[in-house]
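A short write-up of the structure that comes next.
Quick note: numbers below take in every heavy atom, side chains included, and nothing from hydrogens, waters or symmetry partners.
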Amino acid sequence: AEDSFAELGGHSLAATQVVARLRHALGAEVPLGLVLGGGTVAETARALEEALEGAAPGLPPLVRVPRDGDLALSLAQEQVWFLMQLVPGNLSYHAHAALTFRGELDVSALEAALSSIVERHEIFRTTFHAAAGGPVQRIHEPWAVRLPRVDLSGLPETERDEAAAAWMRADFRRTFDLTRLPLVRWSLLRISDREHRLVHVEHHFLHDGWSFGVFLRELLALYAAHLRGEPSPLPELPVQFADFAVWHREVMQGERARAELEYWKDKLAGADPAIELPTDRPRPPVLRFRGGGIRTRIPPRIVLAARAFTRRSGATLYMALLAAYGGRLHRYSGLEDFCVGG
């Protein structure tokens, strides 16, 4: 009870989980800042009791809705849909990963585990369509996963990694048709008898970095179960993402939605759509989404010092890094008010 959420390494995503669980347990909306405030569990509990006294009724419960027709998109999905209509074939909403299996791999068990994932999570068998009232999502029956296999084991050992990387780059650039299944691609690269790579490419419509961790945990659990010939060890899901989409749109109606909309209109008023930074060549007239990336390693002593600083400040490491990034953009642009997309 005397431990601090921040000092234990708490961050905004974990705080969001805490808020969701408190909402479920208490039936009331808990401010995110209350959890991120830096106090101990006991101090947060006391502040929570005070905040809930005379508070407005909580949000309506999240429940399963009928599957008797097309369903609305979540607000975040609708945003991505809009941007995809502006730039069809945009690869910036592709996500990819490669999972390496070392040792003996049972491909049939892996295919069965992936098929179980598709059956368990409706979002993996959902397509997206234009309709008169706006975009909708359409849920389909489960489909069996059959992994395309690419054998690279015949290449010289020194060339296999580069060949695998080249194959994955090409696979990543294959676009998805949002109106047709599947919106996720799994392929299996055979590097050697005892090394395989499962290549995962999906459209961001399906899920995000946080839920990808859920996918990994469930895939390993289901793979182990299929190896042993046992049923799924995972509990049945009470709701799916489509249920959240309907719930979220209902919540964001009326006074709550108007208040949040006015808040962001005020915050974003007068903001420039782009920051003019000193560059070696002019911006192209049409955005091409061909940016690059640079990886760097921060020394552990700096990371530890930054974590200690953020704990003392009642902030998260992400907040500190975002502030540092904003400071650098200010230095290069001279602007004091600008937008940073996340």
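Taking 4.5 Å as the limit, every side-chain heavy atom of Tyr318 sits out of range of all side-chain heavy atoms of Thr310. Taking the side chain as every heavy atom from C-beta outward, Val87 and Leu83 never approach each other to under 4.5 Å. A 4.5 Å side-chain heavy-atom check between Trp81 and Pro135 finds at least one atom pair inside the cut-off. For the pair Leu198/Leu219, a side-chain contact is recorded, criterion being any heavy-atom separation below 4.5 Å from C-beta on. Side-chain contact between Val41 and Glu2: absent, with no pair of heavy atoms (C-beta onward) separated by less than 4.5 Å. Counting only heavy atoms from C-beta outward, the side chains of Val107 and Arg149 approach each other to under 4.5 Å. Contact annotation: the side chain of Leu329 approaches that of Leu277 to within less than 4.5 Å [non-hydrogen atoms, C-beta and beyond].
At a threshold of 4.5 Å between side-chain heavy atoms, the hydrophobic network of Ile, Leu, Val, Met, Phe, Trp and Tyr places Val303 and Leu321 in two separate groups. With hydrophobic clusters built from ILVMFWY side chains whose heavy atoms lie under 4.5 angstrom apart, Tyr325 shares a cluster with Tyr332. In the hydrophobic clustering of this structure, Phe128 groups with Phe82; members are Ile, Leu, Val, Met, Phe, Trp, Tyr whose side-chain heavy atoms approach within less than 4.5 Å, directly or through other members. Grouping the Ile, Leu, Val, Met, Phe, Trp and Tyr side chains by contacts below 4.5 angstrom, directly or via other members, places Met319 apart from Leu32. In the hydrophobic clustering of ILVMFWY residues, with side-chain heavy atoms under 4.5 Å counting as a link, Leu147 and Phe176 come out together.
In summary, the aromatic rings of Tyr93 and Phe205 are positioned with their centroids too far apart to meet the 6.0 Å limit.
A salt bridge does not link Lys265 with Glu260: none of the charged nitrogens is closer than 4.0 Å to a carboxylate oxygen. Using a cutoff of 4.0 Å between basic side-chain nitrogens and carboxylate oxygens, Glu255 and Arg258 are scored as salt-bridged. Between Glu122 and Arg64 there is a salt bridge, with a side-chain nitrogen of the basic residue lying less than 4.0 Å from a carboxylate oxygen of the acidic one. Using a 4.0 Å cut-off between charged nitrogen and carboxylate oxygen, Lys267 and Asp337 do not count as a salt-bridge pair.
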Please table the atom pairs, donor to acceptor, closer than 3.5 Å between any side-chain atom in residues 160-174 and protein atoms at least two apart or in another chain.
residue, atom, partner, partner atom, Å
Arg160, NE, Leu155, O, 3.0
Arg160, NH1, Ile191, O, 3.3
Arg160, NH2, Ser153, O, 3.1
Arg160, NH2, Leu155, O, 3.4
Asp161, OD1, Arg197, NH2, 2.7
Glu162, OE2, Arg169, NH2, 3.2
Asp171, OD1, Arg174, NH1, 2.7
Asp171, OD1, Arg185, NE, 3.2

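For the atom pair CD1 (Ile302) and CG (Leu304), the distance works out to 10.5 Å, reported to the nearest 0.5 Å. Rounding to the nearest 0.5 angstrom, the gap separating the NE2 atom in His129 from the OG1 atom in Thr126 is 9.0 Å. Distance check: Arg180 CZ to Leu178 CG gives 12.0 Å after rounding to the nearest 0.5 Å. Annotation: the span from Arg146 atom CZ to Leu188 atom CG amounts to 13.5 Å, rounded to 0.5 Å. Here the straight-line distance linking atom CD1 of Ile123 with atom CD of Gln137 works out to 5.5 Å at 0.5 Å rounding. Interatomic distance, Gln240 CD to Leu71 CG, rounded to the nearest 0.5 Å: 11.5 Å.
A donor and an acceptor atom, one from each side chain of Thr127 and His140, are located under 3.5 Å apart. Side chains of His121 and Glu218: a donor-acceptor N/O pair is present below 3.5 angstrom, by distance only. Side chains of Glu202 and His200: a donor on one and an acceptor on the other come within 3.5 Å.
Contact between Thr179 and Asp177 at its shortest, heavy atoms only, is OG1-OD1, 2.7 Å. Between Leu183 and Leu206 the shortest heavy-atom distance is O-CD1, 3.4 Å. Glu119 and Pro142 get closest at one heavy-atom pair: CG-CG, 3.9 Å. What you find for Thr279 and Arg281 is that their closest heavy atoms are OG1-O, 2.8 Å. Across all their heavy atoms, Cys339 and Ile275 have their closest contact at O-CD1, 4.2 Å. The two residues Trp186 and Leu114 make their nearest non-hydrogen contact at CE2-CD2, 3.7 Å.
Side-chain atoms of Arg125 never come within 3.5 Å of backbone atoms of Leu181 as a donor-acceptor pair (strictly under, hydrogens ignored). Using a distance-only test at 3.5 Å, with no hydrogens or angles considered, no donor-acceptor pair links the side chain of Gln79 to the main chain of Leu75. Under the 3.5 Å distance criterion, the side-chain polar atoms of Gln77 are matched with a main-chain donor or acceptor of Ser74. Side-chain N or O atoms of Asp243 include one that pairs as donor or acceptor with a backbone N or O of Val65 at under 3.5 Å. Under a 3.5 Å cut-off, the side chain of Asp266 and the backbone N or O of Tyr263 do not form any donor-acceptor pair. A donor-acceptor pair under 3.5 Å is formed between the side chain of Thr40 and the backbone N or O of Glu43. The main-chain N or O of Ala224 is never found under 3.5 Å from a side-chain atom of Glu230 such that the two would form a donor-acceptor pair.
Every pair passing side chain to side chain donor-acceptor pair (under 3.5 Å) that includes a residue from residues 100-118 is listed here, sequence neighbours excluded: Ser116-His226.
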(message) Is there a side-chain contact (heavy atoms from CB on, under 4.5 Å) between Arg249 and Glu78? Walk through the geometry before answering.
(response) CA-CA 11 Å; Arg249 298 189 79 91; Glu78 191 170 290; 3.2 Å; yes
(request) Apply the test side-chain contact (heavy atoms from CB on, under 4.5 Å) to residues Leu216 and Leu220: give CA-CA distance (whole Å), side-chain angles for both, the deciding distance (0.1 Å), then the verdict. (result) CA-CA 6 Å; Leu216 288 180; Leu220 294 177; 5.6 Å; no
(request) Test side-chain contact (heavy atoms from CB on, under 4.5 Å) on Phe309 and Arg312 and set out the steps. (result) CA-CA 5 Å; Phe309 167 74; Arg312 292 194 304 270; 3.9 Å; yes
(request) Might you work through the ring pair (Phe, Tyr, Trp, His ring centres under 6.0 Å) test for His330 and Phe338, ending with a clear yes or no? (result) CA-CA 9 Å; His330 161 69; Phe338 48 83; 7.5 Å; no
(request) Go through the steps to decide whether Val239 and Val63 satisfy the test side-chain contact (heavy atoms from CB on, under 4.5 Å), and finish with yes or no. (result) CA-CA 7 Å; Val239 293; Val63 297; 5.6 Å; no
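In this structure, Phe215 and Phe124 have tilted ring planes: the angle between them lies in the 30° to 60° band. Below 30°, between 30° and 60°, or above 60°: for His248 and Phe244 the angle between ring planes is below 30°, a parallel geometry.
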